[in-house]
Number of protein chains: 2
Amino acid sequence: MGAANTVNGRQPVMADVARLAGVSHQTVSRVLNDNPHVKEETRERVLLAIRELDYRPNSAARTLVTRRSQTLGVVSFDTTLYGPASMLYGIEQAARSAGYFVSIASLRSLDGRSVQEAVDRLRDQAVEGVLVIAPQTSAVGALAQVRSAVPVVAVGSGSQARVPGAAVDNEAGARAATQYLLHLGHRTVHHVAGPSNWLDAQARRAGWRSVLADAGAPVPEVVSGDWSARSGYEAGLHLLENPEVTAVFCANDHMALGVLRALNEAGRGIPGDISVVGFDDIPEASYFTPPLTTVRQDFGELGRRGLELLVAQVEGEAGTKERVLVAPELVIRGSTAAAPPAPAGG
Amino acid sequence: MGAANTVNGRQPVMADVARLAGVSHQTVSRVLNDNPHVKEETRERVLLAIRELDYRPNSAARTLVTRRSQTLGVVSFDTTLYGPASMLYGIEQAARSAGYFVSIASLRSLDGRSVQEAVDRLRDQAVEGVLVIAPQTSAVGALAQVRSAVPVVAVGSGSQARVPGAAVDNEAGARAATQYLLHLGHRTVHHVAGPSNWLDAQARRAGWRSVLADAGAPVPEVVSGDWSARSGYEAGLHLLENPEVTAVFCANDHMALGVLRALNEAGRGIPGDISVVGFDDIPEASYFTPPLTTVRQDFGELGRRGLELLVAQVEGEAGTKERVLVAPELVIRGSTAAAPPAPAGG
DNA sequence: CGTTGTCATGTGAGCGTTAACAATGCAGTG
DNA sequence: CACTGCATTGTTAACGCTCACATGACAACG
């Protein structure tokens with residue numbers, strides 16, 4: 001052991017290790033790269049020298065000659081949100097176990113130029129592939145246009161994106177939620193949608209709508225929010241104006257929280273008077289008042305699957321899948337119940 | 001304009017640009033590095049050739065010769081949580097505007113070996129500095145031991161860490177919350193603390209305790225949670241056993257959410273019977289039932305300040321500050337009110 | 001005993017860039 | 001007109017590594 005760490009005041013290089021071990025630099029390289037053509041005794045001498053000098057290979061030099069940076073890039077818009085943050089986390093873990101580094105670049109705005117700019121930034125860093133966490137239609141649209149010498153994979157960007165990627169089956173989740181509410185006896189289900197420029201919002205809305213249509217239930221007007229609890233609160237106030245509302249399907253949990261708050265304030269019983277369903281199953285959802293019935297999606301899994309897809313492309317594996325669809329799951333909690341008896345004369 | 005993008009089937013290099021522009025590769029390099037000793041006309045010819053070939057400099061080659069990777073590393077434990085996610089976001093943005101790339105490495109576990117491992121991983125990637133988002137005592141302790149050839153800065157790791165860093169003044173925030181509750185006339189304030197191995201949890205608890213001590217108020221036993229809403233719920237159930245509780249200061253908003261839920265379930269009025277204060281001011285806090293009085297800390301700002309600190313160290317600026325303390329702010333909402341009249345015979 | 005093959009190791013070139021220095025041209029000066 | 005000085009450009013050598021190939025040793029083979 002030991003931590004000389006410098007040779008003549010500079011970081012040790014391969015030649016220093018070679019000299020100390022009494023071999024050529026190439027033999028050191030072989031040891032480092034697990035080349036089988038090295039005698040066991042020599043290998044140990046080299047490893048000893050490496051430890052003695054606390055030598056670390058220079059990645060820039062290696063990248064220069066191998067043309068492989070071992071780095072993947074992640075482009076994202078707002079990693080402050082629970083979903084994107086969890087996907088990023090999943091990506092990093094999967095990347096590490098696949099032997100890649102992860103470099104991040106966030107988007108200034110959602111237009112195509114910004115997406116191209118972020119991809120270029122990563123390209124400047126010689127990433128071998130790019131993952132994009134940007135579920136907005138505009139970003140995905142831009143993605144299809146992006147010039148990139150390396151593979152690009154979208155994570156959590158709806159299901160119809162033109163680029164390869166991993167996504168949750170939003171429509172199926174929305175259908176499950178809506179069907180469940182109908183089964184409880186509600187005449188119809190109102191919907192608090194996400195921003196219309198998000199693919200997920202579109203898909204959830206479409207799923208909700210298709211179930212109502214299939215069941216012959218009336219399709220109420222949609223109230224739109226921006227995913228925030230604040231916007232859910234406002235949507236809730238709006239829904240309160242209509243006394244016929246007995247069931248609400250919100251496009252995410254945060255908006256559902258806002259809706260719950262508006263209903264609570266107004267003295268409506270949940271689920272006695274009105275049932276509420278969310279989407280995402282954030283960790284707090286079971287501690288809302290009341291605990292929220294919601295559609296669980298596993299963001300971490302999504303990130304991991306996306307990364308696997310990208311690695312397969314980077315390493316040029318044959319028979320590469322282009323799209324992975326992860327199934328969400330309806331989680332039933334206390335915010336949903338059978339429809340209240342219809343008001344007399346309704 | 002144009003996107004030849006390849007020369008003889010490979011990425012164009014500086015020599016290709018030079019040939020097309022009719023200059024030497026060194027002149028191309030000068031243009032790229034804004035060297036003033038280039039005639040305007042030549043510069044334009046070179047820029048044209050660069051665009052024509054869609055040439056991008058090879059960062060590995062540049063890093064190899066300049067010994068500067070333009071990359072900073074971020075070590076974090078769980079970027080799924082709102083605080084860490086926001087700090088990471090702030091860091092990335094500040095890094096971009098300072099001209100650095102950001103590479104991430106998450107911790108397997110919280111022991112010293114894992115911290116060293118993550119730092120080494122980044123070091124292998126030739127980062128010029130490392131930011132650590134790991135507010136646990138164990139991680140910070142390990143940090144002080146970490147061997148690293150590059151500067152290390154801690155972000156949001158309490159105020160007494162031994163490494164340089166940016167942190168929120170947790171004690172001040174906790175004092176403000178506790179004082180406010182006492183001013184409202186509560187005889188004392190109960191505390192739902194975070195995990196004792198987090199510096200923030202320790203500091204908040206210390207701030208709370210000091211105010212009670214100074215005011216001569218009784219110091220109730222602390223209930224500890226793990227930051228999650230679930231643990232807050234359990235803490236709430238525990239607090240309900242004691243009828244004298246009229247004010248609760250929770251070490252974060254998620255636990256406060258759990259407490260609110262437990263109290264709501266038990267039919268206690270908030271704030272009529274019991275006042276509750278949180279810490280963090282997550283975006284949802286104003287939509288809890290009731291809206292949560294809490295201590296706001298600006299995580300993004302924290303990340304930016306930490307990054308500035310690191311950049312100053314990396315670029316060897318004189319008079320570098322070692323620590324930055326960001327002041328939190330008490331935000332008053334509907335979950336707090338004057339103490340209820342003391343029960344007769346109390 | 002020469003030939004062939006295989007293992008273990010070394011040698012030299014080259015990856016694409018920047019740094020240091022050299023060279024050129026041209027204006028201004030005495 | 002030679003001489004200095006400055007602006008502009010070119011030439012060459014690193015940077016630290018891997019790849020392709022060369023070399024040497026030694027066993028197996030006919």
Side-chain angles (χ1 to χ4, degrees), chain A residues 5-47 49-50 53-71 123-126 128 149, chain B residues 5-47 49-50 53-71 123-126 128 149:
Chain A
N5 208 9
T6 58
V7 173
N8 297 335
R10 54 165 178 66
Q11 292 276 324
V13 299
M14 201 173 262
D16 299 315
V17 175
R19 204 172 307 120
L20 184 58
V23 296
S24 76
H25 63 118
Q26 177 62 335
T27 297
V28 177
S29 172
R30 288 194 180 98
V31 171
L32 252 29
N33 294 295
D34 288 322
N35 185 310
H37 294 293
V38 179
K39 216 199 301 179
E40 190 48 36
E41 183 214 311
T42 314
R43 176 186 310 277
E44 270 162 26
R45 207 143 31 91
V46 170
L47 288 174
I50 288 175
L53 296 176
D54 192 24
Y55 163 78
R56 332 255 348 187
N58 179 313
S59 65
R62 170 182 284 164
T63 297
L64 182 58
V65 60
T66 61
R67 290 142 188 290
R68 302 218 40 192
S69 65
Q70 310 247 73
T71 302
R123 183 179 162 196
D124 284 346
Q125 224 187 143
E128 295 183 37
Chain B
N5 209 7
T6 56
V7 173
N8 298 334
R10 56 164 175 65
Q11 292 278 323
V13 299
M14 203 173 261
D16 299 315
V17 175
R19 202 172 308 118
L20 184 60
V23 296
S24 74
H25 64 122
Q26 177 63 331
T27 297
V28 177
S29 171
R30 287 192 182 99
V31 170
L32 252 30
N33 294 293
D34 287 321
N35 186 309
H37 294 294
V38 181
K39 216 201 298 180
E40 191 49 34
E41 184 216 309
T42 314
R43 176 186 308 277
E44 271 161 26
R45 207 144 31 92
V46 169
L47 288 174
I50 288 176
L53 297 176
D54 192 25
Y55 163 78
R56 328 256 350 188
N58 179 313
S59 64
R62 171 181 283 165
T63 297
L64 181 57
V65 62
T66 61
R67 293 145 185 290
R68 302 217 40 191
S69 65
Q70 310 248 72
T71 302
R123 184 179 162 196
D124 284 345
Q125 222 188 144
E128 297 184 35

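Predicted model, so just to flag it, every value in this text is computed and none were measured. Labels below follow one simple rule: chain letters A, B, ... track the order of the sequence lines, proteins then strands, and each chain is numbered from 1.
Taken from CZ in R123(A) to CD in E128(A), the straight-line distance is 14.5 Å, to the nearest 0.5 Å. Here H37(A) contributes atom NE2 and R30(A) contributes atom CZ; the two are 8.5 Å apart, rounded to the nearest 0.5 Å. Rounded to the nearest 0.5 Å, atoms CZ (R68(A)) and CZ (R62(A)) are 11.5 Å apart.
Rounded to whole Å, the distance from CG on D16(B) to P on dC15(C) is 11 Å. Note: CZ (R45(B)) to C1' (dT8(D)) measures 12 Å, nearest angstrom. Between the CZ atom of R43(B) and the C1' atom of dA7(D) there is a distance of 13 Å, rounded to whole Å. The interatomic distance linking L64(B) (CG) with dA19(C) (P) rounds to 12 Å, in whole Å. Rounded to a whole Å, the NE2 atom of H25(A) is 11 Å from the C1' atom of dC19(D). Rounded to whole Å, the distance from CD on Q70(B) to P on dT18(C) is 11 Å. What separates CZ of R56(A) from C1' of dG16(D) is a distance of 16 Å, to the nearest Å. In this structure, H37(B) places its NE2 atom 14 Å from P of dA19(C), rounding to the nearest Å.
Residues Y55(A) and L32(A) have side chains in contact (heavy-atom distance under 4.5 Å, counting atoms from C-beta outward). Using a 4.5 Å heavy-atom threshold, the side chains of R43(B) and E40(B) count as touching.
Side chain of N33(B), nearest nucleotide from dG16(C), dT18(C), dT8(D): dT18(C).
For the pair A61(B) and Q26(B), both in contact range of DNA chain C, the more 5′-proximal nearest nucleotide belongs to A61(B). Closest-nucleotide positions on DNA chain D for R67(B) and S24(B) were compared, and the one nearer the 5' end corresponds to S24(B).
Taking side-chain N and O atoms only, R62(A) has no distance below 4.0 Å to OP1 or OP2 of dC15(C). Remark: N58(B) is not in phosphate contact with dC15(C), judged by side-chain N or O atoms under 4.0 Å from OP1 or OP2. The side chain of S29(A) contributes an N or O atom lying less than 4.0 Å from OP1 or OP2 of dT18(D).
Residue R30(A) is in base contact, counting any heavy-atom pair closer than 4.0 Å across all strands shown. Counting non-hydrogen atoms under 4.0 angstrom, T66(B) reaches the backbone sugars and phosphates but no base. Among the atoms of the strands shown, only primed sugar atoms or phosphate atoms (P, OP1, OP2) are found under 4.0 Å from some heavy atom of T42(B).
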